[in-house]
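Naming: A, B, ... by sequence-line order, numbering from 1 per chain.
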Number of protein chains: 2
Amino acid sequence: MISIGELARRTATKIPTIRYYEQAGLVPAADRTEGNQRRYGREAVQRLQFVRHCRELGFSLDDIREMILLDADPDLPCSAIHGIAESQLAAVRARISRLKSLERELTRILALPHDASSGQCAVITNLV
Amino acid sequence: MISIGELARRTATKIPTIRYYEQAGLVPAADRTEGNQRRYGREAVQRLQFVRHCRELGFSLDDIREMILLDADPDLPCSAIHGIAESQLAAVRARISRLKSLERELTRILALPHDASSGQCAVITNLV
DNA sequence: CCTTGAACCTCTAGTGGCTAGAGGTTCTAT
DNA sequence: ATAGAACCTCTAGCCACTAGAGGTTCAAGG
């Protein structure tokens, strides 16, 4: 049984974030000591790692909640989880292509020669 | 002189967003009719378009405020504006490369064969 | 000139995903 | 026994909007 501080260290998560996840139902409510402090077991570390990894991959808390629910039901469709992951992949790809066009435009604007005569910044005039 | 609704239409911006920008100092406070309704001129359309375009490019409201200030000062360094744009470009590139690695991982996980025997979803087990 | 109803006004509160701080309690090591 | 590190709850703040309540004003048609 470890404290919240230790759990935070092991999962590279800030303490308030852990409490927030508990309150949001992404992590089960921890056992408590007599003095009301949280104590965590092995499973808690795994679950939190799962949540963190999903977050890194860009899943929303809602997505993660849904995956946990689906996973908890052993009879239930892996295909549903697949679906979530697939739509996440699509979203990631969409974001990439959007960012790439931003990159192109910013690069173009920054490459423009500085027009000292007009006194106007090329970056500004090209952004309007 | 056009109404806020017309301005919203012309710039593809929601009305509350325009009021929010005004309150946030990104757009000058509009003239008012006797009945206290906002009326906008030609410049307002341009300014709002500039703000919207910057937002599309991912600049923060703070960045935009700063660019507007810098632009308003004619003696002042275009180089400062350049700097903002450059750091924005760097941020965009960082986001792209992060998203690409997410894309790779999601693709990998989704390509895994479905293990019907274990009853466990490959997506879940690979996310832990 | 009067009425209708679309468009406007302000103000408050909610979104997501945390993060920070105040003010107080408990644990642990000496 | 005591110091101080770590914990507790609760509230409020961050960004960039968005939604809704409840009330006012505008513009067009009769």
Tell me the interatomic distance from [X], atom [atom1], to [N], atom [atom2], rounded to whole angstroms.
X       : N      : atom1 : atom2 : value
B:Glu22 : D:dC17 : CD    : C1'   : 16 Å
A:Ile2  : D:dC7  : CD1   : C1'   : 14 Å
A:Ile15 : D:dA5  : CD1   : P     : 14 Å
B:Ile4  : C:dA7  : CD1   : C1'   : 11 Å
B:Ile18 : D:dT18 : CD1   : P     : 11 Å

Of all residues at least two apart in sequence or in a different chain, which pass the side-chain hydrogen bond (donor to acceptor under 3.5 Å, both in side chains) check with [X]?
X       : value
A:Asp31 : none
B:Glu66 : none
A:Glu56 : none
A:Arg42 : none

- request: Quick one: list whatever passes side-chain contact (heavy atoms from CB on, under 4.5 Å) with A:Asn36, sequence neighbours left out.
  value: A:Arg32
message: Among residues at least two apart in sequence or on other chains, which ones pass side-chain contact (heavy atoms from CB on, under 4.5 Å) with B:Ser101?
response: B:Arg104
- request: Return the minimal non-hydrogen interatomic distance between A:Val92 and B:Leu99, and the atom names on each side.
  value: CG1-O, 3.5 Å
task: Kindly state each residue pair satisfying side-chain hydrogen bond (donor to acceptor under 3.5 Å, both in side chains) with at least one member in residues 13-26 of chain A, sequence neighbours excluded.
output: A:Thr11-A:Thr13, A:Thr13-A:Arg52, A:Tyr21-A:Arg52, A:Glu22-A:Arg38
- request: Could you grab the distance from atom NE2 of B:His53 to atom CZ of B:Phe59, nearest 0.5 Å is fine?
  value: 9.0 Å
message: What residues from residues 24-44 of chain B pass a heavy-atom cutoff of under 4.0 Å to DNA chain D?
response: B:Thr33, B:Gly35, B:Gln37
message: Among residues 90-101 of chain B, which ones have heavy-atom contacts with DNA chain D below 4.0 Å?
response: none
task: Name all pairs fulfilling the salt bridge (Lys or Arg N to Asp or Glu O under 4.0 Å) condition that reach into residues 94-103 of chain B, sequence neighbours left out, sorted by first residue then second.
output: A:Arg93-B:Glu103
task: Sugar-phosphate means primed atoms, P, OP1 and OP2; the rest is base. With that split, encode nucleotides 12-24 of chain C 5' to 3' as B, S or - using protein heavy atoms under 4.0 Å.
output: -----BBB-----
query: With sequence neighbours left out, what residues match A:Glu86 under salt bridge (charged side-chain N to carboxylate O under 4.0 Å, His left out)?
result: none
